[in-house]
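As structure tokens, the structure follows; a few thoughts come after it.
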Amino acid sequence: MVSYWYYIDLKWYHPEWWFNHMEKSPLIKERLIEQLREQIQSLQKDQLVKIPSERDLAENFDASRVSVRAAIKTLVQEGLLVQLRGKGTYIVPAVLLDTLYVMCSPDIKANDPYYTNFLVEITNLSAKQAIKISMVHPDQLTAASIPSPLILIGQMDDAQLDRLKLASGQLFSIQRYAHREDIIQIYFDDYRIGSKAAKTLYDAGHRSFTLLAGPDKYDSSRLRKQGFLSFCQQYDTPVQVITEKMNWEGGRRAADQLLTAVLPNAIFAVNDWMAAGCMQGLRENGRSIPADVSIIGCDDIPLAAQISPRLTTFSLDAKHLVEELLSAIHHHRAQASDAKEQIILSAAFISRESVSNMNH
């Protein structure tokens, strides 16, 4: 079976189409909410559907944008709409499930921000749609007891995947498995993140880089490193690679190494914890960011916007990931399909103060 690769293209309808299928509404907020709710429920598909902008809705209803914004907020709270940063507002897919079964890799740390955010978002959305979440532990399973659909979180080895696939129905993963065509995978494009980080630093005039990488056994770290190095090789830009644990202490130790030689112009850390630890180590030794060295991280953890200077990074939108995951589950169940699929999502670049522009 062929594995299809594509970048997700969120479906949307032109405002004119919406308005041709929508009844005019009075200005009363409650009536506006009621009309929007009815229209949204009639348009629910097995995928995300974009609604018109606040301005277009306000003009169509002869209402204020404040009233439209309040109505949308109510429908988001009800779980009928979802707002994706930088992309717009979408109708939540209709997922006809009683229970979602979730299995976490034993390697996942309790404080891992990426997986923590994912679990929070899938729990919130499931609660709004009256879907139960059942956490499944690998040690509790027998060949006859593996439920379906089963969502895999974190990295599993081939032996685990073979066992799960043999005993279960369709597996869904938010982890990339390049060599597995028997798992539906929804994940962020880590290679592109690395390449974008290098291009951002290069375009800002930097010409000597350090890459703070994690162990290659972690797919995200390895691919971000590959993307970064590939861009640098293309433009003949020197790169020092420091491999450390992907946490605060790993970043601090990397800073100690950097301080023994001439600092690079810029640093890309494969996650925000490493970036923050490195920033702290450099600052404690009299180095200024971004005056002495620019730095980019990845994940957009809350700390990234709280430290000084605020960290330039990439946002992995957990809400977007959950929406696409539930869309895929619904689609494959409705079609009774065992198709192989890899849905690749783009991370949003968050520009802040930790990168200087040397061209100015």
Side-chain angles (χ1 to χ4, degrees), residues 5-9 84-87 112-118 154-155 173-178 185-204 206 209-235 237 239-247 250-251 254 264 266-279 294-305 310-322 324-325 342-352 354-355:
W5 292 69
Y6 61 94
Y7 285 89
I8 194 68
D9 181 15
L84 303 178
R85 180 165 56 186
K87 298 180 176 65
D112 186 300
Y114 177 70
Y115 295 113
T116 298
N117 288 342
F118 172 81
Q155 197 158 307
S173 172
I174 61 169
Q175 174 78 33
R176 175 182 179 270
Y177 293 100
Q185 303 166 41
I186 304 97
Y187 58 89
F188 285 94
D189 191 344
D190 289 300
Y191 184 94
R192 190 177 181 186
I193 288 171
S195 179
K196 172 69 173 179
K199 184 178 187 304
T200 299
L201 296 172
Y202 188 89
D203 288 348
H206 301 288
F209 299 156
T210 291
L211 171 66
L212 304 189
D216 278 350
K217 69 177 182 178
Y218 298 114
D219 207 58
S220 59
S221 171
R222 180 173 54 80
L223 287 170
R224 290 170 195 173
K225 179 174 73 172
Q226 288 178 358
F228 191 87
L229 294 178
S230 177
F231 181 93
C232 292
Q233 183 178 20
Q234 180 182 355
Y235 288 88
T237 305
V239 184
Q240 173 191 16
V241 179
I242 298 176
T243 302
E244 274 288 354
K245 289 186 177 181
M246 296 167 65
N247 56 25
I267 298 167
F268 172 53
V270 296
N271 73 7
D272 287 345
W273 282 115
M274 294 183 82
C278 184
M279 289 171 66
S294 292
I295 187 163
I296 295 177
C298 185
D299 289 338
D300 197 25
I301 62 175
L303 180 65
R310 297 186 306 156
L311 180 63
T312 296
T313 186
F314 292 86
S315 174
L316 309 181
D317 190 338
K319 184 177 291 185
H320 186 185
L321 178 62
V322 169
E324 294 301 341
L325 171 65
Q342 294 193 14
I343 301 173
I344 309 172
L345 308 178
S346 296
F349 179 69
I350 310 297
S351 179
R352 298 194 179 110
S354 66
V355 175

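As the structure is a computational prediction, the values presented were derived from the model and not from experiment.
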Of all heavy-atom pairs between Ile174 and Tyr114, which one has the smallest distance, and what is that distance? O-OH, 4.0 Å
Note: Asp272 and Asp299 closest approach over all heavy atoms is OD2-C, 3.5 Å
Got a list of side-chain donor-acceptor pairs under 3.5 Å for residues 222-230, not counting sequence neighbours?
| from | atom 1 | to | atom 2 | distance (Å) |
| --- | --- | --- | --- | --- |
| Arg222 | NH2 | Asp219 | OD1 | 2.3 |
| Arg224 | NE | Asp190 | OD1 | 2.7 |
| Arg224 | NH1 | Val270 | O | 2.5 |
| Arg224 | NH2 | Asp190 | OD1 | 2.9 |
| Lys225 | NZ | Asp216 | OD1 | 2.9 |
| Lys225 | NZ | Asp216 | OD2 | 3.3 |
| Ser230 | OG | Tyr191 | OH | 3.1 |

For a quick test of reading the model, state the closest non-hydrogen atom pair linking Met246 to Ser221 and the distance between them. SD-CB, 3.8 Å
Taking atom OG of Ser351 and atom CD1 of Ile296, what is their separation to the nearest 0.5 Å? 8.5 Å
By side-chain contact (heavy atoms from CB on, under 4.5 Å), Gln233 pairs with (sequence neighbours left out) none
If every non-hydrogen atom of Glu244 is compared with every non-hydrogen atom of Met274, which pair is closest and at what distance? CB-CE, 3.9 Å
How many angstroms lie between CG in Leu316 and CG in Asp189, if you round to the nearest 0.5 Å? 11.0 Å
Can you give me the closest heavy-atom contact between Ser294 and Leu201, atom names plus distance? CB-CD2, 4.3 Å
Nearest-0.5 Å distance, SG of residue Cys278 to CD1 of residue Ile267: 4.0 Å
Begin from the C-alpha positions of Arg352 and Asp300 and carry the test side-chain contact (heavy atoms from CB on, under 4.5 Å) through to its verdict. CA-CA 11 Å; Arg352 298 194 179 110; Asp300 197 25; 3.0 Å; yes
CH2-NZ distance between Trp273 and Lys245, expressed to the nearest 0.5 angstrom: 16.0 Å
Pairing residues for Ala276 by the side-chain contact (heavy atoms from CB on, under 4.5 Å) criterion, not counting sequence neighbours: Trp248, Leu303, Ile307
d(Leu321 CG, Phe188 CZ) to nearest 0.5 Å is 5.5 Å
Checking Tyr187 against Gln342: is there a side-chain donor and acceptor pair closer than 3.5 Å? yes
Only residue of Phe268, Phe349, Phe231 satisfying side chain to side chain contact (heavy atoms under 4.5 Å, CB included) with Lys196 is Phe349
Working to the nearest 0.5 Å, report the span between CD1 of Ile295 and OG1 of Thr313. 10.0 Å
Would you name the heavy atoms of Ala198 and Cys232 that are closest together and state the gap between them? CB-SG, 4.2 Å
